[in-house]
Each structure stands twice: as C-alpha cells, then as structure tokens.
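Reading through the structure tokens given below for one structure.
Atoms within each ligand, like the ligands themselves, are counted from 1 in listed order. We're numbering straight along the sequence, starting at 1.
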Amino acid sequence: MASAVERVLIPAEDLSARVAELGRRIRDDYAGRTPMLVGVLKGAVIFLADLMRAIEAPCECDFIAVSSYGASTRSSGIVRLTKDLSVSIEGRDVLIVEDIVDTGLTLSYLLRNLETRQPRSLRVCALLDKASRRQVSVRLDYVGFTIPDEFVVGYGLDYAGLYRNLRHVAVLEGVAS
Ligand code: IMP
C-alpha cells in the first residue's frame, strides 16, 4: 500500500495508545451507563471498532451514513442522510464517533438531527480535528489528535475509496484539503 505520495502523520502505535486513553476516559465518564456509539460511515468504522474494545465496559453501537454534495475532498455544507440508525436513541446516552471534523458542517447537521430524537445525552468523539478549517462551531467532547490543514488518509479515512486499510494516518501530498 505504500506510495510515493503519502507521508506518515500518525504512526499506528500512536493511534492505538491514544485510542486506549480515550477508551478509558469514556468508560469512566459513562460509568454505570451503557452508551450507544453511533459511527458515521464509512470513515469511522476502524476507529469505532478499536474504540469500542478500548472502552472495556458495556456499550452498544449503531451506524449512520451521510453524504455531502459537491467536490470529493470538500464539504459543500449540504448534507443528506443516506443511511439512518436501525434503533431508537430516545433516552439513550449517545456518543457520535467521527473520523475527522473539518468544516464542522457534517457534524453540525448530525447533532441537530439526532438531538430531535431526544437522547438522554449527546456527545461527540472525533479521532481527528482539523480545527483551523472550522466554519461552524461544534463542541467536541473527545478528540484524538488535532492536525494541520492537510488531506489525510488511512485508519478509515479514504481518498476516492482507497487507503482506508492503512494502519497509520498519512498525508496525501497533492490533494487539496
Ligand atoms: P466536514 O463536514 O467539513 O467537517 O467534513 C467531514 C467529512 O469530510 C469527514 O467525515 C470526511 O469524510 C471528510 N474529510 C474531511 N477532511 C478529510 C481528510 O483530510 N481526509 C479524508 N476525508 C476528509
């Protein structure tokens, strides 16, 4: 999978150490409760699978998918739900699990959408935060890494469907973020 155009940004060992830390924090914060982890397809799949095992306490998961219209590497701000949750989240402690928060438009849409379903609590866990690109402010309760404004792939994140299976996070040179 190695390619001349990618440069390692976060090695696999750093990812697993950070995910373990996040898992411990989430386990402690939700002690006595059973959080519902809502993974945003497809990018969050790898992160969610590791995070869930790192929590080491009862938790459930479900998935939601959104697509944003427009160019492939930029969020247009018009977000559409392409796959809904399979269960009700009313009264549940919901933790949205995202791969990366860039402009914040996708997450802001998801928060508004899920809030209407009356969860008991609604929080966000994002692996990567491209904070400098934010267009709408969104509260991130748990963040893995804050990264610079570069287009990244790996550990679930893709470019044109590829690179999701890299064990590390890499910068893809030559792609505008
Ligand atoms: P936002 O709505 O601009 O915050 O965009 C969030 C979504 O854009 C993420 O869930 C990713 O699917 C995609 N995205 C943003 N930045 C990157 C990146 O650097 N690599 C891969 N996907 C990205």
Side-chain angles (χ1 to χ4, degrees), residues 1-12 14-15 18-19 22 26 36-52 61-85 89 94-116 122-177:
M1 288 282 302
S3 148
V5 294
E6 57 151 289
R7 162 170 59 84
V8 176
L9 182 67
I10 310 171
D14 295 8
L15 287 167
R18 187 70 182 130
V19 171
L22 290 173
I26 292 167
M36 168 70 75
L37 274 52
V38 170
V40 185
L41 293 173
K42 302 172 187 169
V45 163
I46 311 272
F47 176 40
L48 184 140
D50 285 346
L51 183 67
M52 218 181 165
C61 73
D62 201 358
F63 295 93
I64 199 163
V66 288
S67 77
S68 73
Y69 297 99
S72 59
T73 64
R74 277 181 190 274
S75 185
S76 63
I78 307 164
V79 182
R80 186 168 56 100
L81 204 65
T82 56
K83 184 215 168 294
D84 205 349
L85 297 174
I89 53 164
V94 173
L95 181 61
I96 298 176
V97 179
E98 257 287 28
D99 53 356
I100 186 166
V101 182
D102 184 18
T103 62
L105 293 162
T106 306
L107 186 58
S108 148
Y109 167 84
L110 276 175
L111 284 165
R112 272 181 279 124
N113 183 303
L114 297 186
E115 195 64 68
T116 64
L122 183 58
R123 289 187 188 169
V124 178
C125 178
L127 178 70
L128 305 175
D129 181 12
K130 247 192 234 179
S132 64
R133 295 221 343 134
R134 202 72 91 250
Q135 286 178 24
V136 287
S137 107
V138 277
R139 198 191 71 238
L140 305 182
D141 301 279
Y142 307 94
V143 173
F145 301 87
T146 299
I147 61 163
D149 180 9
E150 293 184 290
F151 193 82
V152 292
V153 294
Y155 199 67
L157 290 126
D158 78 309
Y159 176 61
L162 296 174
Y163 302 98
R164 292 193 198 278
N165 55 329
L166 292 178
R167 292 178 191 275
H168 55 269
V169 169
V171 172
L172 211 54
E173 310 280 9
V175 176
S177 72

Of the side chain and backbone of [X], name the one, both, or neither that has a heavy atom under 4.0 Å from an atom of ligand 1.
X      : value
Gln135 : neither
Val79  : neither
Lys130 : side chain

Using distance alone, with no hydrogens and no angle criterion, decide if Tyr155 and Asn165 have a side-chain donor and acceptor under 3.5 Å apart.
->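 No - no donor-acceptor pair under 3.5 Å links their side chains.
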Under 3.5 Å, is there a donor-acceptor pair between the Arg112 and Thr116 side chains?
->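 The criterion, which ignores hydrogens and geometry beyond distance, is not satisfied for Thr116 and Arg112.
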Determine whether any heavy atom of [X] lies closer than 4.0 Å to an atom of ligand 1.
X      : result
Val152 : yes
Asp158 : yes
Arg134 : no

Which one of Ile100, Asp102, Val40, Asp149 has a non-hydrogen atom at the shortest distance from atom 13 (C) of ligand 1?
->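 Heavy atom nearest to atom 13 (C) of ligand 1 belongs to Ile100.
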Any N/O pair Phe151/ligand 1 closer than 3.5 Å |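 No, Phe151 has no N/O under 3.5 Å of an N/O on ligand 1.
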Is any N or O atom of Leu157, backbone or side chain, closer than 3.5 Å to an N or O atom of ligand 1?
->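 No, there is no polar N/O contact under 3.5 Å.
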At less than 4.0 angstrom from any non-hydrogen atom of [X], what atoms of ligand 1 do you find?
X      : value
Thr106 : 1 (P), 2 (O), 5 (O), 6 (C)
Glu150 : 19 (O)
Gly104 : 1 (P), 3 (O), 4 (O)

With a 4.0 Å cut-off, would you call Glu150 and Arg7 a salt bridge?
->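 Yes, charged N to carboxylate O under 4.0 Å.
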Test side-chain contact (heavy atoms from CB on, under 4.5 Å) on Val101 and Lys130 and set out the steps.
-> CA-CA 6 Å; Val101 182; Lys130 247 192 234 179; over 6 Å; no
Sole residue of Thr82, Leu107, Leu110, Asn113 in side-chain contact (heavy atoms from CB on, under 4.5 Å) with Val66 |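 Exactly one candidate clears the test, Leu110.
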Hey, what do you get for CD1 (Ile64) to CD1 (Ile89), rounding to the nearest 0.5 Å?
->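 Result: 7.5 Å between the selected atoms.
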Say you draw a straight line from CG of Leu157 to CZ of Phe151; how long is it, rounded to the nearest 0.5 Å?
->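 The distance works out to 7.5 Å.
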Show your working on salt bridge (Lys or Arg N to Asp or Glu O under 4.0 Å) between Asp102 and Arg134 and close with a plain yes or no.
-> CA-CA 6 Å; Asp102 184 18; Arg134 202 72 91 250; over 6 Å; no
